[in-house]
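Structure record follows, encoded as structure tokens.
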Amino acid sequence: MSAPAITPVFVRLKLSLLRNGLRQSGGRKAAYITSAVFALLFAALQLIGLIALRGHAHAESVVVPAVAVLGLGWAVMPLFFPSGDETLDPTRLVMLPLRPRPLVRALLTASLVGIGPLFSLCLLVGSVVAVARGGAAFAVAVVAVVLALLVCVALARAVAAANVRLLTSRKGRDLAVLSGLVIAIGAQIVNFGAQRLGASGLGELAPAAEVLQWVPPASAVGAVHAVSEGSYGLAVAQLALSAGALLALLALWSRHLTRLMTSPDGSTLPSAESAGKERSSTGLARLLPSPSAASLGGAPSRTGTVMDRSLRYIWRDPKTKAAWVTSLAIGLIVPVFNAWQGTGSVYFACFAAGMLGIQMYNQFGQDTSAFWMVAMTISSAHDAYVELRARAYALLLITLPYATLVTVLTTAMLGDWRRLPEALGLSFALLGAMLATGAWTSARFPYSIPQEGYKNVAPGQTGLAWISIFGGMMAAALLCAPVIALTIWLNVSADGDDWTWLLLPAGTAYGALLAAAGLKLAAPRTARRLPEILAAVSKG
């Protein structure tokens with residue numbers, strides 16, 4: 001007796017999961033219906049727009065990169081939205097007597113149910129209609145749409161299966177915090193790309209399309225265009241490439257499913273090599289000042305400990321990591337993309353120092369309720385000063401080389417090497433001013449950062465956050481006024497060009513003095529206001 005087919009069962013299971021999810025609450029149902037309506041409306045408008053490209057000379061240059069971006073979206077979707085589809089976790093099926101091949105077939109079919117596949121189908125149909133000419137091309141278009149859609153779905157499933165242990169862990173769920181970063185950076189890239197296309201025309205996409213037509217799933221759409229041009233051999237090669245990619249992804253997916261179904265979760269097993277051994281510091285921690293090294297007074301130094309803790313927050317805490325990565329990315333994108341377009345200035349490089357200087361604000365808020373352990377170690381203004389200074393050192397460890405790199409890169413792209421010293425001097429002065437104001441506002445206007453969800457300010461503390469960040473930034477800009485005035489004076493002066501190199505040491509020294517003064521002023525206030533700071537950062 002043959003085993004019953006499991007594909008219809010999995011399709012019904014997917015429909016049941018969708019239906020039961022909507023029954024949980026009225027808010028969830030309203031959110032799902034609203035998002036579905038907007039997604040389908042956008043898909044319909046996109047389909048109409050792509051069909052309108054039919055007959056355009058650069059239609060292929062638009063649709064091929066669009067399908068490539070669609071495939072990229074399917075690849076990263078499981079990493080940033082692991083809870084968006086309960087069926088992405090195959091470990092829930094480990095107790096069932098299922099073989100990998102039928103399971104792959106059933107899950108692949110069930111994956112075609114949903115808004116995402118329907119949206120992708122509209123984009124693919126519009127893409128092939130835009131480039132298809134003649135009966136043969138439309139016949140190939142049917143095969144191309146099916147192949148491209150299956151490649152997208154199989155790619156998402158293979159990525160999810162390969163990373164399922166991560167995606168179902170706490171760290172995996174914390175990746176969703178970075179999804180906003182991806183959207184923000186993607187919006188900036190799309191904005192600059194749209195400006196460039198508006199100025200130069202769709203022909204700018206032709207070189208990218210020439211390359212992407214050999215990358216599945218875009219190669220399937222490239223095959224339709226090849227048939228329309230009469231290049232049947234090229235079309236066969238591109239279809240074969242898409243089919244081969246689909247088979248490879250299915251094989252990879254099946255192998256990961258087999259391992260997940262038959263192997264224990266290694267993340268829950270203790271390491272035999274590390275058992276009984278004391279964990280030692282590795283990597284960057286070894287280069288920091290030793291927390292056990294005695295100072296001249298005989299007391300142990302806390303600088304290395306605080307720096308190590310701050311760097312671990314940056315690497316491990318999802319909210320802190322998201323803030324840093326966002327600042328690093330935007331601080332690079334704004335000056336570099338403007339320089340690439342030929343509309344930028346070397347002074348735009350100061351944006352990098354400014355974005356990272358913001359990380360000095362609300363230093364104690366990132367500790368949340370754990371700040372009480374730090375507060376227990378602060379008994380004087382000197383302790384508070386060492387704490388703030390070490391946190392500033394940790395920030396400078398990343399910011400100084402990064403700001404220098406962005407400034408040099410921007411200068412190289414513009415070819416304006418004469419202004420490199422003054423741009424670096426301004427960046428370092430701005431960074432020092434933001435360290436000073438950030439230390440002071442951290443003690444004067446602390447606020448809590450919720451660990452769950454996407455909010456960065458606890459309810460009722462929005463005003464504190466605005467005063468802390470924007471008030472501190474305005475104060476930093478005023479503190480930088482002497483360096484800015486000196487820069488303007490040297491640039492407008494008749495013989496000032498011979499002395500602009502002095503702005504680098506002058507700006508560096510001025511920034512260092514501002515930072516030291518700000519830390520000194522903030523330390524006594526921090527020591528006095530420890531109970532208020534602890535209450536503020538523990539709220540929510």
Side-chain angles (χ1 to χ4, degrees), residues 38-77 115-134 136-153 155 182-183 185-232 234-235 237-239 241-242 245 337 340-341:
F38 277 106
L40 294 178
L41 179 61
F42 183 73
L45 295 175
Q46 183 176 245
L47 176 62
I48 296 173
L50 290 172
I51 294 176
L53 280 176
R54 180 174 171 79
H56 194 280
H58 298 291
E60 182 203 13
S61 300
V62 175
V63 299
V64 170
V67 175
V69 172
L70 175 68
L72 179 62
W74 276 92
V76 302
M77 179 188 67
I115 299 175
L118 181 58
F119 178 87
S120 302
L121 180 63
C122 292
L123 188 147
L124 292 171
V125 170
S127 298
V128 296
V129 171
V131 296
R133 294 192 301 274
F138 277 101
V140 173
V142 176
V143 179
V145 168
V146 175
L147 268 179
L149 183 60
L150 292 178
V151 167
C152 289
V153 176
L155 180 59
V182 174
I183 295 173
I185 296 177
Q188 290 290 334
I189 295 175
V190 170
N191 178 39
F192 283 114
Q195 292 178 8
R196 188 172 182 86
L197 289 177
S200 305
L202 296 178
E204 288 287 326
L205 294 174
E210 289 291 331
V211 176
L212 294 175
Q213 68 175 342
W214 295 101
V215 179
S219 57
V221 178
V224 178
H225 180 263
V227 172
S228 300
E229 297 292 326
S231 303
Y232 298 103
L234 178 62
Q238 290 174 323
L239 283 177
L241 184 60
S242 295
F337 272 47
W340 177 53
Q341 288 186 309

Leu239 CG to Leu234 CG distance, which is reported to the nearest 0.5 Å: 9.5 Å
Does the side chain of Leu50 come within less than 4.5 Å of Val129's, by heavy atoms? no
Looking only at heavy atoms, the pair that brings Ala132 and Val224 closest together is CB-CG1, 3.7 Å
Testing the basics here: between Ala141 and Val128, what is the closest heavy-atom pair and its distance to 0.1 Å? CB-CB, 3.8 Å
How long is the straight-line distance from NE2 of His225 back to OG of Ser61, given to the nearest 0.5 Å? 8.0 Å
Which heavy-atom pair separates Pro65 from Glu60 by the least distance, and what is that distance? CD-O, 3.9 Å
Does any N or O in the side chain of Arg133 come within less than 3.5 Å of the main-chain N or O of Glu229, such that one atom is a donor and the other an acceptor? no
Checking the side chain of Ser228 only, and the main-chain atoms of Ala137 only, is there a donor and an acceptor separated by less than 3.5 Å? no
Between Val67 and Ser127, what is the shortest heavy-atom contact and its length? CG2-OG, 3.7 Å
Closest heavy-atom pair, Leu124 versus Leu149, reported as atoms and distance to 0.1 Å, is CD1-N, 3.6 Å
Contacts of type side chain to side chain contact (heavy atoms under 4.5 Å, CB included), residue Leu47, not counting sequence neighbours: Ile51, Val125
State, with a plain yes or no, whether a side-chain heavy atom of Cys122 is found less than 4.5 Å away from one of Phe42. no
Taking atom CG of Leu150 and atom OG of Ser242, what is their separation to the nearest 0.5 Å? 11.0 Å
Non-neighbouring partners of Leu241 that pass side chain to side chain contact (heavy atoms under 4.5 Å, CB included), sequence neighbours left out: Trp214, Pro216, Ser219
Can you measure from OG (Ser120) to CD1 (Ile115) and round to the nearest 0.5 angstrom? 11.5 Å
Taking every heavy atom of Val64 against every heavy atom of Ala209, the minimum-distance pair comes out as CG1-O, 3.9 Å
Any heavy-atom pair between the side chains of Pro217 and Leu70 that's under 4.5 Å? no
Quick one: does Leu40's side chain get under 4.5 Å of Phe119's, heavy atoms only? no
